[in-house]
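Notes follow the structure.
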Amino acid sequence: MSEQLALITGACGEIGQALVQELAAKGGYRIVTSDIAPLPESIKKLSAEHVQGDLVYKVKTFYDYDFDIIFHLAASLSSKAEIATEEAHRINVEGTMQLLMLAAYRSEKYNKSIKFLFPSSIAAYGMPSLAEKQRAGAVKEDEWNMPHTMYGCNKLYCEKLGLYYSKYQGQKHLDETPPAMLDFRAIRFPGLISAFTLPSGGTSDYGPEMLHAAAQDKAYSCFVREDTKISFMAMPDAIKSLLVLMDVPRENLSYTVYNIAAFAITAEEFRQRALKAFPDAQITFDSNPRRQGIVDSWPEDVDDSLARAEWNWNPDYDVDRFFDDYFLPEIRKRYGK
Ligand code: SER
């Protein structure tokens, strides 16, 4: 079979870098990347072409590309988005809208359903209080869709835009054979942790920041309370989920948006795990009200039974395997500990 053409936006981000590597390793794809930044050396050779610049303005250059699949990862994450709301809206919503319009246009014009993979987030949820957060436990996709953050509002709305362009645009096909529409698939990711990269601008960042600091003997002041609990996942599982969902036949999917989960732990449990691996780690807690408010509005955990049922989702890394088989061995290699 000939190569498929894939676009990965936000290729320099954490998910982006890992996805470029895994998609290249999988084979069969010519990968076009885009980002506001130049590609890091580690993935330069894996990209056939890198389009650098602001996606909102760069999308027009993609109208001539015969993409089979688009991974639209470019985004301003939750803490940053809360400081620069208008910019976040432009990047997160306008950028997504431009790319969805391109994919919808090309899908219809060339009668080819372009796949559009979109990372949504636990930020799409909004819990009204800590008591309700504890009571709710693992939430389902259609519960508590009342985000408190600009980033969460952006993600939830873009999920709806994806559904619109993949199903309803033009409103003309309820009683007639639909034209080829783009094939939109979204995953609501928990906080992601990579042993190779660090996040920036997010709010689940305290997890990876604490672990990377501990592994380097750097003191870390955690910006949320000890009891703060949300769902986390190893980066390889996040990449696996995108690659698995990408290949699922459309007829097996009855939704466009899926939760996935791996392990839900508190900030104090992170500290205990860090101390067990690096006994000299200095980790203190100094809750930042703004960032605390963001994480408190996110659910403790998510119910991923839909993904498990419809596309056999199953993470490779539970909390023990995450530390013992992935994070600690890799981080020790990286920092020589
Ligand atoms: N990890 C992201 C953030 O903290 C949420 O998707 O912003």
Side-chain angles (χ1 to χ4, degrees), residues 9-10 12-19 71-85 87-89 91-93 95-96 117-127 133 139 141 144-159 162 186-212 222-225 228-239 241-242 257-267 270 287-302 304 315 322:
T9 74
C12 300
E14 280 206 288
I15 305 179
Q17 292 187 44
L19 180 63
F71 295 91
H72 175 40
L73 312 178
S76 169
L77 294 186
S78 57
S79 285
K80 192 171 171 209
E82 219 49 38
I83 297 167
T85 50
E87 181 196 57
H89 188 275
I91 296 169
N92 296 347
V93 176
T96 305
L117 273 282
F118 181 69
S120 188
S121 163
I122 50 170
Y125 298 105
M127 311 307 296
K133 170 168 167 153
V139 303
E141 283 83 349
W144 302 107
N145 288 172
M146 287 168 285
H148 294 200
T149 60
M150 173 52 70
Y151 173 77
C153 291
N154 296 164
K155 287 292 185 189
L156 187 62
Y157 177 56
C158 287
E159 291 176 4
I187 294 176
R188 285 195 187 145
F189 283 115
L192 302 179
I193 310 180
S194 166
F196 303 99
T197 52
L198 269 162
S200 79
T203 318
S204 58
D205 298 11
Y206 63 89
E209 282 176 3
M210 185 191 295
L211 298 179
H212 279 259
C222 179
F223 58 78
V224 296
R225 287 185 319 268
T228 305
K229 186 175 180 185
I230 58 166
S231 176
F232 282 93
M233 176 174 286
M235 186 60 78
D237 270 335
I239 304 305
S241 72
L242 286 167
V257 178
Y258 294 87
N259 283 338
I260 57 168
F263 53 90
I265 63 173
T266 63
F270 267 116
S287 169
N288 170 304
R290 190 178 51 80
R291 299 182 97 182
Q292 184 72 58
I294 294 176
V295 199
D296 284 346
S297 78
W298 294 350
E300 274 194 3
D301 202 355
V302 293
D304 62 359
F322 166 75

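Heavy atoms only: backbone and side chains are in, while hydrogens, waters and symmetry mates are out. Read the numbers this way: they start at 1 and go in the same order the structure lists the ligands and their atoms. The chain is numbered in sequence order, starting from 1.
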With sequence neighbours left out, what residues match D237 under salt bridge (charged side-chain N to carboxylate O under 4.0 Å, His left out)?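 In terms of salt bridge (charged side-chain N to carboxylate O under 4.0 Å, His left out), with neighbours along the sequence ignored, D237 is linked to no residue.
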
Ion pair E82/R291, N-O distance below 4.0 Å: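 Salt bridge absent between E82 and R291.
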
Sidechain N-carboxylate O distance under 4.0 Å for D304, R188: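 Result for this pair is no, no salt bridge flagged.
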
Atom pairs and distances, ligand 1 N/O vs protein N/O under 3.5 Å:
from, atom 1, to, atom 2, distance (Å)
ligand 1, 1 (N), S204, OG, 2.8
ligand 1, 4 (O), S78, OG, 3.3
ligand 1, 4 (O), T203, N, 2.6
ligand 1, 4 (O), S204, N, 3.0
ligand 1, 4 (O), S204, OG, 3.3
ligand 1, 6 (O), S121, OG, 2.7
ligand 1, 6 (O), Y151, OH, 3.1
ligand 1, 7 (O), S78, N, 3.0
ligand 1, 7 (O), S78, OG, 2.5

Suppose we screen for ring-ring contact (aromatic ring centres under 6.0 Å, His included). Which residues come up paired with F232, at least two apart in sequence or across chains?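 For F232, the residues satisfying ring-ring contact (aromatic ring centres under 6.0 Å, His included) (neighbours in sequence not counted) are Y206, F270.
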
Taking side chain as C-beta onward, heavy atoms only, is K155 less than 4.5 Å from P119?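 Yes, their side chains come closer than 4.5 Å.
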
The criterion is side chain to side chain donor-acceptor pair (under 3.5 Å); which residues satisfy it with T9, sequence neighbours excluded?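 For T9, the residues satisfying side chain to side chain donor-acceptor pair (under 3.5 Å) (neighbours in sequence not counted) are H72.
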
